> 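The structure that follows is given in the form of structure tokens.
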Amino acid sequence: MSIIRRSSSSSSSYLPSSPIKFLNHRHHHQTSSPSFLSIETLFKKCKTLRNLQQIHARIIQKGLEQDNFLISQFVCLCNSFSNITYAFSVFNRVSQPNLCLWNSIIKGHCEKSSLSNTISIFNRMKQSDMVPDTYTFPPLIKSCSKGLALREGKILHGLVVRYGVEADIFVRTSLIDLYGKCGEIKFARMLFEEMSERNEYSWTAMIVGYANFGDLGSARKLFDEIPCRNIASWNAMIDGYVKFRDFRSARELFEQMPKKNVVAYTSLIVGYAEVGDMATARFLFDQMPDRDIVVWSALISGYVQNGRPHEAVKIFFMMLGENIKPDEFIMVGLMSACSQVRNLELAKWIDSYLTRISIDIRRVHVAAALIHMNAECGNMERATSLFEGMPKKDLISYCSMIHGLSIHGAGAQAVCLFDRMVAEGVTPDDVAFTVILAACSHSGLVEEGHRYFNSMKNDYSIVPSPDHFACMIHLLGRAGKLQEACELIKSMPEEPHAGAWGALLGACKLHSNVKLGEIVALKLFEIEPQNPGNYVSLSNIYAAIDRWYDVSEVRRRMKEKQLRKLPGCSWIDDGFFPFEQNQEHTNL
DNA sequence: CTAGGGTTAG
């Protein structure tokens with residue numbers, strides 16, 4: 001009360017139609033009783049970071065920077081705006097922070113900073129003779145649980161016991177959550193059993209533990225026993241079923257929910273997307289009464305994962321139409337979609353849009369997606385400048401760049417970059433080799449291809465996958481070494497997949513090798529009878545040497561099987577997408 | 001002589 005009371009006796013403690021703009025308009029008309037607002041009231045009305053800065057100015061102006069009560073509130077508000085740096089700088093000016101203030105600053109770091117940072121603040125707190133209480137531990141333990149840092153969590157558990165706060169329901173719930181998430185389900189259960197009182201939080205934490213562990217039976221048993229069921233308990237149980245692909249039980253429970261919320265919908269949508277059932281995912285999405293950013297994101301990345309980038313882009317613009325501001329997750333999804341459709345105009349728009357909505361493109365997954373998108377869409381100049389600007393280049397970004405160079409015909413540069421990557425100490429994996437082999441085959445670099453194929457096996461002990469073989473076959477086939485390609489395909493340990501045979505068929509077409517082409521085509525008709533492309537290839541082979549009877553024969557068989565060449569997609573002119581599609585990318 | 005903590009979805 002000190003501030004408020006003490007303040008109220010002196011006029012300086014009030015805010016007379018203050019310089020704090022966000023309050024001015026509200027009191028502008030109350031001319032009869034001029035407004036006098038305490039800092040405490042200002043906190044309640046504080047809506048933006050700007051407001052908070054204004055309050056901060058006022059605190060300094062009044063010389064209240066050392067006031068633990070006010071600074072605590074300030075820190076909490078700062079936390080809610082996710083601005084931990086600001087909170088910390090203000091905190092650091094307080095010479096004698098009290099327990100509550102320490103707890104607040106720790107909580108803020110738990111949410112936004114790294115675990116080691118947070119723990120070092122906790123250590124500073126202990127060094128200044130502050131005794132942690134029941135409020136100190138839950139956020140600390142929670143951040144261990146988030147990072148699955150069981151070792152650190154156990155140390156904290158030890159301290160919990162030492163400071164005698166293990167009976168506290170909040171502390172205990174956070175410990176149950178920690179052990180449950182880290183798979184120490186026995187420990188979690190023990191702590192749960194020993195509780196003198198439990199509430200919906202502790203029950204749910206325990207259910208989550210079992211659900212993550214895959215013991216859905218025990219999870220369900222608890223769920224049915226809960227005296228105090230919560231919407232989070234329902235969500236946890238449903239998500240457990242979804243994670244372990246028991247969609248029947250998940251849906252059954254979902255239908256029984258008294259009030260279905262976004263979280264439950266999102267769990268289901270993510271699950272259906274993961275198993276490739278976009279129809280059901282979309283069905284659920286469409287029937288939602290209201291949608292938040294997370295569920296939009298789930299749907300977009302669902303479409304991306306299932307190779308339907310056009311749908312993803314549509315959904316994105318639908319979302320903009322509903323005036324929802326996209327976040328990082330959404331934009332990463334959109335960028336993956338754009339990479340798949342390879343539309344340079346869209347890529348350019350996204351690139352500038354990111355800055356417009358102030359998304360931090362230095363964050364790793366954003367940067368990676370952005371480089372990938374520019375590379376895929378043919379803006380190698382932009383991709384290169386982003387890539388070279390990265391402080392630490394990782395395998396993913398290298399691969400994006402190499403693939404970008406590859407698909408735009410710069411095989412030699414791709415090879416250089418791959419070698420630079422290895423020289424820089426980044427270890428290539430199987431995907432990296434697929435990318436470089438594809439680059440070699442695309443540019444006809446037979447010798448380099450052989451070199452990488454051997455290096456992969458000898459230097460990195462990577463067993464060549466069907467994809468690796470397919471790249472080599474493509475490479476040899478296009479170079480006219482059909483014999484070698486055939487030998488390679490015969491040497492494959494596993495049954496060659498359609499990609500390998502398809503590469504060979506393409507080579508036969510290229511070099512007008514009818515005899516081999518016929519054999520390979522027959523093989524392909526067997527492996528993927530539904531793919532019209534193989535029939536088209538064979539008929540092209542015949543057409544190239546004027547065997548028109550055979551051409552019509554193949555066409556007839558194709559018709560017989562009711563196969564048609566896939567129509568080009570027409571998503572551009574249905575009004576969702578504001579750009580022209582660019583067919584050729586010649587930015588190299 | 002105030003205030004600060006734990007469970008659910010991308």
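Proteins get letters first, then strands, A, B, ... in listed order; numbering begins at 1 in each. Quick caveat: nothing in here was measured; it's all calculated off a predicted structure.
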> Mind running a 4.0 Å heavy-atom check of residues 164-176 of chain A against DNA chain B and sending the residues that fall below it, in number order?
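Per residue number, the list reads A:Asp168, A:Ile169, A:Phe170, A:Thr173.
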
> For the residue pair A:Tyr272 / A:Arg282, report whether a side-chain donor-acceptor contact shorter than 3.5 Å exists.
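There is no such pair between these side chains.
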
> Taking atom types as modelled, is there a side-chain donor on A:Asn230 or A:Asn235 under 3.5 Å from an acceptor on the other?
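The answer is no; no qualifying pair exists.
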
> Sequence neighbours left out, what passes side-chain contact (heavy atoms from CB on, under 4.5 Å) with A:Leu148? Give chain and number order.
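Only A:Lys181, A:Cys182 meet the side-chain contact (heavy atoms from CB on, under 4.5 Å) criterion with A:Leu148.
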
> Please, which pairs that meet ring-ring contact (aromatic ring centres under 6.0 Å, His included) have at least one residue in residues 148-167 of chain A, sequence neighbours excluded?
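Passing the test, one end in residues 148-167 of chain A: A:His157-A:Tyr179.
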
> According to the interplanar angle, ranging from 0 to 90°, do the rings of A:His365 and A:Phe329 count as parallel (below 30°), tilted (30 to 60°) or perpendicular (above 60°)?
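Rings of A:His365 and A:Phe329: tilted, as their planes differ by 30° to 60°.
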
> Round to a whole Å and report the spacing from CD1 of A:Ile71 to P of B:dT2.
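In whole Å, B:dT2 P and A:Ile71 CD1 are 18 Å from each other.
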
> Go through residues 264-276 of chain A and report each residue with a non-hydrogen atom lying under 4.0 Å from DNA chain B, sorted by number.
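When residues 264-276 of chain A is checked for heavy atoms under 4.0 Å from DNA chain B, the hits, listed by number, are A:Thr266, A:Ser267, A:Val270.
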
> Under the salt bridge (Lys or Arg N to Asp or Glu O under 4.0 Å) test, which residues partner A:Glu274, sequence neighbours left out?
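Salt bridge (Lys or Arg N to Asp or Glu O under 4.0 Å) check on A:Glu274 returns A:Arg245.
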
> Roughly how many Å is it from CD1 in A:Ile226 to P in B:dT7, rounded to a whole number?
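Distance check: A:Ile226 CD1 to B:dT7 P gives 15 Å.
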
> Output the single nucleotide from B:dT8, B:dT7, B:dG10 whose closest atom is nearest the side chain of A:Val263.
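In terms of side-chain proximity for A:Val263, the closest of B:dT8, B:dT7, B:dG10 is B:dT8.
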
> In whole Å, I'd like the distance from the CG atom of A:Leu101 to the P atom of B:dG5.
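Interatomic distance, CG of A:Leu101 to P of B:dG5: 13 Å.
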
> Could you check whether A:Cys76 gets within reach of a base, just the sugar-phosphate, or nothing at all, counting any heavy atom under 4.0 Å?
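Answer is sugar-phosphate: A:Cys76 comes under 4.0 Å of backbone atoms only.
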
> Taking DNA chain B as the partner, which of residues 231-257 of chain A come within under 4.0 angstrom of it by heavy atom?
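Heavy-atom cutoff 4.0 Å gives A:Ala232, A:Asn235, A:Asp239.
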
> Check every strand shown and say whether A:Asn212 touches a base, only sugar-phosphate, or nothing at a heavy-atom separation below 4.0 Å.
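Result for A:Asn212 = nothing.
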
> Can you list the residues that meet the side-chain contact (heavy atoms from CB on, under 4.5 Å) rule with A:Phe283, with sequence neighbours excluded?
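With sequence neighbours excluded, A:Phe283 shows a side-chain contact (heavy atoms from CB on, under 4.5 Å) to A:Arg251, A:Gln287, given in chain and number order.
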
> Find out whether the Lys NZ or Arg CZ of A:Lys393 is both under 6.0 angstrom from the six-membered ring centre of A:Phe387 and within 45° of the ring's axis.
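Positive - A:Lys393 is close enough to the ring of A:Phe387 and near enough to its axis.
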
> Kindly write out the residues that satisfy salt bridge (Lys or Arg N to Asp or Glu O under 4.0 Å) with A:Asp360, not counting sequence neighbours, or none if the list is empty.
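Checked A:Asp360 against salt bridge (Lys or Arg N to Asp or Glu O under 4.0 Å); matches are A:Arg362.
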
> For A:Trp296 and A:Phe285, take the angle between the two ring planes, folded into 0 to 90°, and tell me which bin it lands in: parallel under 30, tilted 30 to 60, perpendicular over 60.
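Geometry flag for A:Phe285 against A:Trp296: perpendicular rings.
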
> Does a nitrogen or oxygen in the side chain of A:Lys181 sit under 4.0 Å from OP1 or OP2 of B:dT7?
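Checking A:Lys181 against B:dT7: no side-chain N or O falls below 4.0 Å of OP1 or OP2.
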
> State whether A:Glu111 and A:Lys142 are salt-bridged, where the test is any N-O pair (Lys NZ or Arg NE/NH1/NH2 against Asp/Glu carboxylate O) under 4.0 Å.
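Salt bridge: no.
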
> Could you tell me how far apart A:Phe223 (CZ) and B:dT8 (C1') are, to the nearest whole angstrom?
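Checked: the CZ to C1' distance equals 12 Å.
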
> Mind checking whether A:Lys126 and A:Leu159 have side chains closer than 4.5 Å, heavy atoms only?
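Contact flag for A:Lys126/A:Leu159 side chains = yes.
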
> Donor-acceptor pair under 3.5 Å: do we get one between A:Ser104's side chain and the base of B:dG4?
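Answer is no: no donor-acceptor pair is held.
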
> Excluding sequence neighbours, so at least two apart, what forms side-chain contact (heavy atoms from CB on, under 4.5 Å) with A:Lys260?
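A:Lys260: side-chain contact (heavy atoms from CB on, under 4.5 Å) contacts with A:Phe254, A:Glu255, A:Met257, A:Tyr265.
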
> For A:Lys44 and B:dA3, what is the distance between atoms NZ and C1' respectively, to the nearest whole Å?
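Interatomic distance, NZ of A:Lys44 to C1' of B:dA3: 11 Å.
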
> B:dT8 P sits how many Å from A:Tyr210 OH, rounded?
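Going from OH in A:Tyr210 over to P in B:dT8 covers 17 Å.
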
> Identify, with sequence neighbours excluded, every residue that meets side-chain contact (heavy atoms from CB on, under 4.5 Å) alongside A:Ala149.
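Once residues adjacent in sequence are excluded, the partners of A:Ala149 under the side-chain contact (heavy atoms from CB on, under 4.5 Å) criterion are A:Leu115, A:Cys144, A:Glu152.
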
> What does A:Ile207 touch in the nucleic acid at a heavy-atom separation under 4.0 angstrom: a base, only the sugar-phosphate, or nothing?
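Nothing: the residue A:Ile207, judged by heavy atoms under 4.0 Å, touches no strand.
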
> Parallel, tilted or perpendicular, judged at 30° and 60°: which one describes the rings of A:Phe88 and A:His109?
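If you compare the ring of A:Phe88 with that of A:His109, the planes turn out perpendicular.
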
> If we only count heavy atoms from C-beta on, is the A:Ile169 to A:Asn199 side-chain gap below 4.5 Å?
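A side-chain contact exists here, since the closest heavy-atom pair is under 4.5 Å.
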
> What parts of residues 115-135 of chain A reach DNA chain B, counting only heavy atoms under 4.0 Å away?
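The stretch gives A:Asp133, A:Thr134, A:Tyr135 as the residues lying under 4.0 Å from the strand, ordered by number.
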
> So which of residues 184-198 of chain A are in contact with DNA chain B, with a heavy-atom cut-off of under 4.0 Å?
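Hits under 4.0 Å, by residue number: none.
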
> Let me know the distance between CG of A:Asn68 and P of B:dT2, rounded to the nearest Å.
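It is 13 Å, rounded to the nearest whole Å.
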
> Check this for me: does any side-chain nitrogen of one of A:Arg229 and A:Glu200 sit under 4.0 Å from a carboxylate oxygen of the other?
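A:Glu200 and A:Arg229: not salt-bridged.
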
> Strictly below 4.0 Å: does A:Lys107 bring a side-chain N or O up to OP1 or OP2 of B:dA3?
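No, no such contact exists.
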
> How long is the line joining CZ of A:Phe69 and P of B:dT2, in whole Å?
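It is 9 Å, rounded to the nearest whole Å.
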
